[in-house]
Amino acid sequence: MAVNEAGTEPSSPHESEPHRGPDPGILITIRSLLPDLAPVEQRVAQAVLDDPGGVAWRSISELARTCGTSATSVVRFCRAIGLRGYPELRLALAGAVAHGGGADRIVAASADIDPDDDPVTITKKIAFADAAAVTDTASRLDTATLVRVVDALESASRIDIYGVGASGFVAVDLQMKLQRINRPAFAWPDPHMATTSAALRGTGDVAIGLSHTGTTVDTIDALAEARSHGATTVAITNFPWSPITDVTDFVLLTAARETAFRTGAMTSRIAQLTVIDCLFVTLAQRDRPGTLEALERTFTAAQAKRVRRPRHPRQSSGG
């Protein structure tokens, strides 16, 4: 297919895609779609992620040569991530650099833990990754979908939550939050118990599955089982084209980054917690008086389980 001088493919007269302006979240989008791109497109995507500021200033032929591919493949990559062509990609990357506070921040955002990093540097990188997971997830979260999920939770007869590994801990956290406001929620980190519970779900129930990659078979199977019996299903995942989205009615996306030292396994948890906190608070706001009463009663009950330490008068260090 021919590519014109502007780096776009000729448009069909029937195409009516809206024009997209600068997108500060373009790097988040590319990162989330990376596993599902064609191999050639992945090379282009990685070049963009490695040097977004530099690519914003390169011509399409320069980028194609760097990636060992053709200008046509670069345009196909642009279209795969929802853009019309290369000029729009350059504009979006320039916006991302400006929005992110400059190229240094974007380089830091994609930096891994290096072998010679000292504890101070490691701490800064971890703190940056955790903070970015929260802010990037918040910017990526579709509030319209969030509201529809909360609608389902509000009227749910029962809520099942599935997740294994790190996602299992987040599932338990959501269970505790929902139970604190008197919502019938149950977390099932064990795959066999999850599938057994899912088999008993039906219309009026909600099943939520947490999987960073969206490829965790146990979580996908549990959601598919619950959905087959009429339950409303929700996925919380980092990748919009992952298999888990095929068995869910609603998808809520996170934005966490993997690294060689698996900080992604940590930031994915932070990102998931951001989503469930948004779900919890939005749901809690629906019945504020009832929420406050439930929280007060459960807080009082929990307080009774704390050790009451006697106050000791401060002793003088003098004789």
Side-chain angles (χ1 to χ4, degrees), residues 32 133 137-191 193-256 268-286:
S32 69
T137 295
S139 68
R140 191 184 195 194
L141 196 58
D142 185 333
T143 51
T145 302
L146 180 78
V147 168
R148 294 180 69 185
V149 173
V150 170
D151 290 341
L153 293 176
E154 185 178 23
S155 59
S157 302
R158 174 176 166 135
I159 303 164
D160 264 16
I161 311 163
Y162 313 128
V164 299
S167 295
F169 295 116
V170 180
V172 172
D173 185 78
L174 179 55
Q175 172 195 289
M176 291 190 297
K177 282 181 166 65
L178 292 175
Q179 288 187 339
R180 284 287 304 274
I181 59 173
N182 201 26
R183 299 288 175 175
F186 302 87
W188 303 103
D190 179 87
M193 296 179 70
T195 302
T196 300
S197 181
L200 299 176
R201 303 285 60 80
T203 303
D205 296 331
V206 175
I208 300 175
L210 297 111
S211 172
H212 172 70
T213 63
T215 60
T216 307
V217 174
D218 294 326
T219 303
I220 294 172
D221 287 348
L223 284 175
E225 181 68 24
R227 193 186 198 193
S228 71
H229 298 291
T232 298
T233 53
V234 181
I236 298 176
T237 183
N238 209 73
F239 300 100
W241 293 351
S242 57
I244 197 172
T245 64
D246 294 332
V247 297
T248 52
D249 300 301
F250 301 106
V251 178
L252 295 171
L253 294 173
T254 58
S268 66
R269 187 181 69 249
I270 300 295
Q272 290 173 348
L273 287 169
T274 300
V275 173
I276 69 167
D277 281 351
C278 291
L279 281 174
F280 169 70
V281 175
T282 305
L283 177 62
Q285 282 280 66
R286 296 287 180 89

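Predicted model, so just to flag it, every value in this text is computed and none were measured. Sequential numbering from 1 along the given sequence is applied to the chain's residues.
Residues E154 and V206 fail the side-chain proximity criterion, which asks for heavy atoms closer than 4.5 Å. When side chains are defined from C-beta on, S211 counts as touching I244, because their heavy atoms get closer than 4.5 Å. With a 4.5 Å cut-off on side-chain heavy atoms, D142 and L253 do not count as touching. Here the side chains of L279 and L283 are not in contact, with every heavy-atom distance at 4.5 Å or above. Contact annotation: the side chain of I208 never approaches that of D160 to less than 4.5 Å [non-hydrogen atoms, C-beta and beyond].
D249 and T232 share no donor-acceptor pair across their side chains, judged by distance under 3.5 Å alone.
In this structure, CG on D205 lies 7.5 Å from CZ on R158, to the nearest 0.5 angstrom. In this structure, OG1 on T237 lies 9.0 Å from CG on L210, to the nearest 0.5 angstrom.
Counting non-hydrogen atoms of neighbouring residues, nucleotides and ligands closer than 6.0 angstrom, the CZ atom of F169 reaches no more than 12 such neighbours. The neighbour count for D221 CG, taken as heavy atoms of other residues, nucleotides or ligands under 6.0 Å away, is above 12.
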Derivation of the side-chain contact (heavy atoms from CB on, under 4.5 Å) call for L153 and I159: CA-CA 7 Å; L153 293 176; I159 303 164; 3.7 Å; yes

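Side-chain atoms of T254 never come within 3.5 Å of backbone atoms of A256 as a donor-acceptor pair (strictly under, hydrogens ignored).
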